[in-house]
Amino acid sequence: VLTDQELILIKEENKTRTGKDKFYGAVFTYIPRCKINDITFVPDPEGSLWTMEITLPDDVHLTAEISTTNEELARFQNCLN
């Protein structure tokens, strides 16, 4: 999610449900836009994912995988420019 002030990464947990147990939840990472030095997108060799690489101050790097079938990806990339 990209807002005027921050980039919010949402990662769903990769837990396996057993029986009737249900798992709901995610990890949210909030990154102020003023702290983002660079964002690049690198396709994987198989063409099913993009890796988003985020560079922050002090040479801190974050990565997130995005499916190539994500319909919002092109609009998201355009908003960053």
Side-chain angles (χ1 to χ4, degrees):
V1 176
L2 185 65
T3 71
D4 291 339
Q5 300 297 316
E6 60 199 0
L7 172 63
I8 305 167
L9 303 177
I10 304 169
K11 179 181 184 329
E12 294 179 354
E13 290 292 325
N14 293 332
K15 282 199 168 184
T16 304
R17 290 191 289 180
T18 57
K20 295 181 180 179
D21 296 338
K22 294 187 179 174
F23 180 77
Y24 298 100
V27 176
F28 290 74
T29 303
Y30 295 85
I31 306 167
R33 286 183 77 164
C34 64
K35 298 291 184 181
I36 297 173
N37 291 340
D38 190 32
I39 296 180
T40 57
F41 293 87
V42 180
D44 76 338
E46 297 175 10
S48 62
L49 293 173
W50 284 88
T51 299
M52 179 174 60
E53 299 177 352
I54 305 166
T55 305
L56 303 173
D58 299 324
D59 205 31
V60 173
H61 296 271
L62 302 174
T63 61
E65 292 180 341
I66 303 171
S67 171
T68 57
T69 61
N70 186 321
E71 297 174 358
E72 298 294 320
L73 180 58
R75 187 166 41 156
F76 175 68
Q77 290 171 317
N78 288 334
C79 287
L80 294 173
N81 296 330

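Below, each value reflects all heavy atoms present in this structure, side chains not excepted, and no hydrogens, waters or symmetry copies.
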Minimum-distance pair of heavy atoms, taken over all atoms of Thr69 and Ser67 = OG1-OG, 2.7 Å
inquiry  = Please determine whether residues Leu62 and Met52 belong to a single hydrophobic cluster, defined as Ile, Leu, Val, Met, Phe, Trp and Tyr linked transitively by side-chain heavy-atom distances below 4.5 Å.
reply    = yes
ask   = How many angstroms lie between atom OG1 of Thr29 and atom CD of Glu6, to the nearest 0.5 angstrom?
value = 11.0 Å
inquiry  = Between Arg33 (side chain only) and Leu2 (backbone N and O only), is there a donor and an acceptor less than 3.5 Å apart?
reply    = no
inquiry  = Rounded to the nearest 0.5 Å, what separates atom CZ in Phe28 from atom CD1 in Ile10?
reply    = 4.5 Å
task = Check whether any side-chain heavy atom of Gln77 lies under 4.5 Å from a side-chain heavy atom of Phe41, and answer yes or no.
result = yes
remark   = Nearest heavy-atom approach of Lys35 to Pro57 is O-CD, 2.9 Å
query = Just by modelled atom types, is the Val60 backbone N or O under 3.5 Å from a matching donor or acceptor in the Asp58 side chain?
reply = no
query = Are the side chain of Asp38 and the backbone N or O of Thr55 linked by a donor-acceptor pair below 3.5 Å?
reply = no
request  = Consider only side-chain heavy atoms of I, L, V, M, F, W and Y, link residues closer than 4.5 Å, and tell whether Leu9 and Leu56 are in one cluster.
outcome  = yes
query = Can you check whether Ile54 reaches Ile31 side chain to side chain, under 4.5 Å on heavy atoms?
reply = yes
ask   = Do Asp59 and His61 come within less than 4.5 Å of each other through their side chains, counting heavy atoms only?
value = yes
query = Is there a side-chain contact between Leu7 and Phe76, using heavy atoms and a 4.5 Å cut-off?
reply = yes
message = Just to verify, which of Thr40, Leu73, Val42 counts as forming a side chain to side chain contact (heavy atoms under 4.5 Å, CB included) with Trp50?
response = Leu73
